[in-house]
Amino acid sequence: MVDVSQIKEHLMVHAKGMGSMEGAPGVHIGTVDRIEGGKYIKLTKDDSHDGRCHWFPLDWVESVNNEAVYLNKRAEEAVSQLIDQPPADI
């Protein structure tokens, strides 16, 4: 289980795949806005592919360090499964 207290605002979110941003491996898919309802990470709209906020469940998180949140999904899968509106159970 990942220590969610390590997930901070403005951390990059990276999914599995080829790429790197500021030394963090993987494909950058967004930036943490905050944790909502203790179940979801809300991404900022600032670097979203469509200019909107998105959410994903905390169980996608494989690890966290002071550079990024790393997901247990490949980039294509993660982006296609992002939630486009606030989840009903938060």
Check step by step if side chain to side chain contact (heavy atoms under 4.5 Å, CB included) holds for Ile35 and Leu58.
-> CA-CA 8 Å; Ile35 294 177; Leu58 280 171; 4.3 Å; yes
If you look only at distance, which donor and acceptor atoms sit under 3.5 Å apart when one is on a side chain in residues 75-90 and the other is two or more places apart or in another chain?
from  : atom 1 : to    : atom 2 : distance (Å)
Glu77 : OE2    : Lys73 : NZ     : 3.4
Ser80 : OG     : Glu76 : O      : 3.3
Ser80 : OG     : Glu77 : O      : 3.0
Gln81 : OE1    : Lys73 : NZ     : 3.2
Asp84 : OD1    : His54 : ND1    : 2.9
Asp89 : OD1    : Tyr40 : OH     : 2.9
Asp89 : OD2    : Tyr40 : OH     : 3.3

When rounded to the nearest 0.5 angstrom, what is the spacing between SG in Cys53 and CG in Asp46?
-> 8.0 Å
Within-4.5 Å side-chain heavy-atom neighbours: Trp60 and Ile41 = no
So which heavy atom on Glu62 is nearest to which on Lys16, and how close?
-> OE2-NZ, 3.2 Å
Minimal heavy-atom distance between Val64 and Leu11, with the atoms involved, is CG1-CD1, 4.1 Å
Rounding to 0.5 Å, atoms CD (Gln6) and CG (Asn66) come to a distance of 9.0 Å
Closest non-hydrogen atom pair, Glu67 against Met12 | O-CE, 3.4 Å
Which pair of non-hydrogen atoms, one from Ala68 and one from His14, has the smallest distance, and what is that distance?
-> CB-CD2, 4.1 Å
Can you find a pair of side-chain heavy atoms, one from Val2 and one from Val69, that are under 4.5 Å apart?
-> no
Say you draw a straight line from CZ of Arg34 to OG1 of Thr44; how long is it, rounded to the nearest 0.5 Å?
-> 11.0 Å
State which residues pass side chain to side chain donor-acceptor pair (under 3.5 Å) with Arg74; sequence neighbours excluded, sorted by chain then number.
-> none
